[in-house]
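For reference, the structure discussed in these notes is given below.
Sequence lines set the chain letters: A, B, ... in the order given, protein chains first and strands last, and positions in each chain run from 1. Because only heavy atoms are used, hydrogens play no part in the values below, and waters and symmetry mates are left out as well, while side chains stay in.
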Number of protein chains: 2
Amino acid sequence: MAKRQAILAAAFAEFAARGYAQTGVDEVAAAAGVAKATVYNHFGGKETLLREAITASAEQATAKNLAAVERLVDTGGDLRPTLEDVGLRLIQCYCDDDSWALRRLLYAELAHLPDLLEIVQVQAAERVQRALADRLARLALAGRLGITDPDAAVERLSSLLTGPLEARARWGTRRLPAKEMREVAAAAVDAFLRLYAAGDESGPPQPARSR
Amino acid sequence: MAKRQAILAAAFAEFAARGYAQTGVDEVAAAAGVAKATVYNHFGGKETLLREAITASAEQATAKNLAAVERLVDTGGDLRPTLEDVGLRLIQCYCDDDSWALRRLLYAELAHLPDLLEIVQVQAAERVQRALADRLARLALAGRLGITDPDAAVERLSSLLTGPLEARARWGTRRLPAKEMREVAAAAVDAFLRLYAAGDESGPPQPARSR
DNA sequence: ATATTTCTAGACTCAAGAGTCTACTTTTGA
DNA sequence: TCAAAAGTAGACTCTTGAGTCTAGAAATAT
């Protein structure tokens, strides 16, 4: 039923805007254009509502991220523009309002809903990381990148892409201009390509040494 | 008065453990070994209590971070071990239980307390970034690093250091083993040194190009 | 059409928790 | 030593909001 979707969407929006504890079920129902009893019919309680709203939102976010990663294909030409395009798209996903809201809710409610971490960590974050690692591995195998450990490379690339965003976007309270996103993507890809240039056998970053 | 400190410490601990909305002033008072009225005498209300608890915690965290940055001095020998030491200390700060709790509370309550962002962003994060940029600038001037834009270099170094931590520490629900912290520090410093090797004039990462 | 399910509006119960007040005790300081 | 200030226990008020219930109005199926 469409009501269910409306309730989930409204719940996510309201919880994101004012916080879980500060939002009444009445308000969610009103925002969804639905009676309070209907919410209870569908979800049984406020906590389940939050759980399902977060799960649904995480799935949407994951889908967008995976779509971005999918564009990382070897066109035969220079890798840089392709990587910048994918990087920019991943940054856009990360900076999406819903995405910030999702992270806020997750951080906030991690204490009472530890099982949500499982869902988001394994079903969302790790899946995207794996997909990206797969793509990088293919490029490495084709001799386009000097990568020996794709997982380490993904960790580096992700860090360079998303690391600057928290401060620049002021933890989601400031909307990043498109130009700034492009700069961050370009800078990250530039660093990444320096680190993993094709045929760079000067010592592809293993965990340095164990000493 | 020592009571004030006890209340602040208890408030931070309780809020961090169960969340702001889920924690009663009664509980904070009990945890601090103090009567509820005393809490109201000192802070006037629950919201002020949260505000001051977060501010105090942020100050402590900042002090620790600055102490770590202070160790970044030119000993004349190889830079790598010094950077790894500082990097590891910064990672330890980031992974501190209080530090995770602080980020959780901030994320969670950003919506109602937007002024807190100012405090934490400007007084804490930016101060540490600036201090680190200063140190890197000195090393660059001494010819030990090939840095032209210290702010960009700090952004890179911070990203490489802390980027991997969210996933690895499962958003603060998993305690990172010391060995893993050392690995992350070593990997980050290794990448950083590749990007900013002394005398590397092959094109110190400007924002790539604007096109 | 008509029977069954779902939805609606809104009144209602009940528990939790913020903040106040009072009467009493301890600490502090001159 | 003794008065002012600060702290304590705990009862008390009052608001808010979760969850329930009822009677009636759509929607859906047979």
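Here the P atom of nucleotide D:dA6 and the CD1 atom of B:Ile7 are 13 Å apart, to the nearest Å. Rounded to whole Å, the distance from CZ on B:Arg18 to C1' on C:dA16 is 14 Å. Rounded to an integer number of Å, the gap from A:Gln22 CD to D:dG17 P is 9 Å. To the nearest angstrom, P of D:dG19 lies 12 Å from CG of A:Leu50. Straight-line distance from the CZ atom of B:Phe43 to the P atom of D:dG7: 11 Å, rounded to whole Å. Between B:Asn41 atom CG and C:dT26 atom P there is a gap of 18 Å when expressed in whole angstrom units.
Judged by distance alone, with hydrogens and angles left aside, the side-chain atoms of B:Ser57 form no donor-acceptor pair with the main-chain N or O of B:Ala53 at under 3.5 Å. Under a 3.5 Å cut-off, the side chain of B:Asp190 and the backbone N or O of B:Ala186 do not form any donor-acceptor pair.
Close to C:dT8, at under 4.0 Å from its OP1 or OP2, lies a side-chain N or O of A:Thr38.
Residue B:Lys3 is classed as a sugar-phosphate contact, given heavy-atom separations below 4.0 Å to backbone atoms only. Across all strands, B:Gly44 comes closer than 4.0 Å to no nucleic acid atom at all (heavy-atom distances).
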Would you check, one step at a time, whether the test salt bridge (charged side-chain N to carboxylate O under 4.0 Å, His left out) holds for B:Arg130 with B:Asp151?
-> CA-CA 8 Å; B:Arg130 261 198 303 279; B:Asp151 292 318; over 6 Å; no
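Under a 4.0 Å N-O distance rule, the pair A:Arg89/A:Asp85 qualifies as a salt bridge.
Judged purely by distance below 3.5 Å, without hydrogens or angles, the side chains of A:Glu166 and A:Tyr94 pair a donor atom with an acceptor atom.
DNA chain C is contacted by both A:His42 and B:Glu27; A:His42 maps to the nucleotide lying nearer its 5′ end (nearest heavy atom per residue).
The base of D:dG19 sits with one of its N or O atoms less than 3.5 Å from a complementary donor or acceptor on the side chain of A:Lys36.
The B:Asp26 side chain lies nearest to C:dA18 when the options are D:dT20, C:dA9, C:dA18. When distances run from any side-chain atom of A:Tyr40 to the nucleotides C:dA18, D:dG19, D:dG7, the shortest one goes to D:dG19. Comparing D:dA9, D:dC21, D:dA18 by their closest approach to the side chain of B:Ala37 singles out D:dA9.
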